[in-house]
Amino acid sequence: MFQNLLQAHVIDPNNYVAFTFFVGTMAMMAAAVFFFFEMNNVDKKWRTSILVSGLITFIAAVHYYYMRGYNLETGASPIFFRYVDWILTVPLMCVEFYLITKKAGAKIGLLWQLIFASLVMLVTGYIGEAIYGTQTQSWIWGLISGIAYFYIVYLVWFGDVAKLAGNAGPAVTKAVRTLGWFVLVGWAIYPIGYIAGTAGGLFGFRVFEGLSMDIVYNIGDAINKIGFGLVIYALAQSDKTVATA
Ligand SMILES: *C/C=C(C)/C=C/C=C(C)/C=C/C1=C(C)CCCC1(C)C
């Protein structure tokens, strides 16, 4: 019995799911430390944005640590804690868009629109995975989630986020464009995981049969959470007011 308990904590070299949870934990931890320390190396006006990048990766690090253990011990997908993580971190990414565009006059209503759309996207995704994951109907929930997702893409590319960024100077315009690519391409990784992991897949078809949902999500998280933070860090570095000593 104890032998089994011990073995549960050993990552088999062929267990890529557990391995990506392990690497994910480490990467999120390292990124959080980086952002927290670099807060003092940027202009005051960017400090809160860098702090939020640190919080996003820190929250993810804690969840990844837990999900790694959960997956090793049960062999199952940690659906619930995956969504707890997303429900905390995705709205914080919406806060990042708001903080960046606030300098160009963004109103709090824009933040609520982004947060509301992200909650619809995640709650319907959770229902699709946790309740209908083994049934064909999961595509309906994935579709509703996808509509909310495209609304976020719209806001960032053509809506208020894009318009305000255009008024906030070239550095902000460039950063919002790059973050827009993360939302359009980087976030599109997640529906692939959903299609791979639920029986309904893509309108009832399982086009990514055999692909591990958790590996897809873990890759997506590493790109999006760390990459997103680095874009904001680069913006803060490029937008330093020269100190007059
Ligand atoms: C750090 C975590 C992030 C950026 C998570 C983002 C998650 C999504 C963009 C999820 C989207 C989904 C769809 C668009 C349809 C299928 C269900 C979801 C929830 C996987």
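These values consider heavy atoms only, across backbone and side chains, with no hydrogens, waters or symmetry-generated copies. Note that ligands are numbered from 1 as they come in the structure, with each ligand's atoms numbered from 1 the same way. Along the sequence shown, the residues carry numbers beginning at 1. All figures in this text were calculated on a predicted structure; none of them were measured in a lab.
Heavy-atom separations between F228 and ligand 1 are all 4.0 Å or longer. Using 4.0 Å as the threshold, F150 has no heavy atom nearer than that to any atom of ligand 1.
Every atom of ligand 1 with a heavy atom of T89 under 4.0 Å away is listed here by number and element: 1 (C). Under a 4.0 Å criterion applied to the non-hydrogen atoms of Y83, ligand 1 contributes the atoms 19 (C). Listed by atom number, the atoms of ligand 1 under 4.0 Å from P191 heavy atoms are 13 (C), 14 (C). Less than 4.0 angstrom separates some heavy atom of Y217 from each of these atoms of ligand 1: 20 (C). The distance from ligand 1 to the heavy atoms of M93 drops below 4.0 Å at these ligand atoms: 4 (C).
Ring planes of F36 and F58: tilted class, angle from 30 to 60°.
A centroid separation of less than 6.0 Å is found between the aromatic rings of Y233 and F34. Checked against the 6.0 Å centroid criterion, the rings of W86 and Y217 qualify as a close aromatic pair.
Distance CG/L55 to OG1/T89: 11.0 Å, rounded to 0.5 Å. Between Y126 atom OH and Y132 atom OH the span is 13.0 Å, to the nearest 0.5 Å.
With a heavy-atom cut-off of 4.0 Å, D85 does not touch ligand 1 at all. Residue V90 touches ligand 1 through its side chain alone, judged by heavy-atom distances below 4.0 Å. Neither the backbone nor the side chain of E129 comes within contact range of ligand 1; no heavy atom lies under 4.0 Å.
Among all non-hydrogen protein atoms, the one lying nearest atom 9 (C) of ligand 1 is M121 CE, 3.4 Å. Residue, atom and distance of the protein heavy atom nearest to atom 1 (C) of ligand 1 are K225 NZ, 1.5 Å. Of the protein's non-hydrogen atoms, the one nearest atom 16 (C) of ligand 1 is Y194 CG, 3.5 Å. For atom 10 (C) of ligand 1, the closest heavy atom belonging to the protein is Y190 CB, 3.5 Å. Among all protein heavy atoms, the one lying closest to atom 12 (C) of ligand 1 is S145 OG, 3.5 Å.
Using a 4.5 Å heavy-atom threshold, the side chains of L122 and V90 count as touching. F203 has its side chain within reach of L143: a pair of non-hydrogen atoms, C-beta onward, lies under 4.5 Å apart.
Taking the ring axis of W46 as reference, the NZ or CZ atom of K103 stays within 45° of it and closer than 6.0 Å to the ring centre.
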Run the numbers on Y64 and D85 for side chain to side chain donor-acceptor pair (under 3.5 Å), then give the verdict. CA-CA 9 Å; Y64 265 78; D85 174 33; 5.7 Å; no

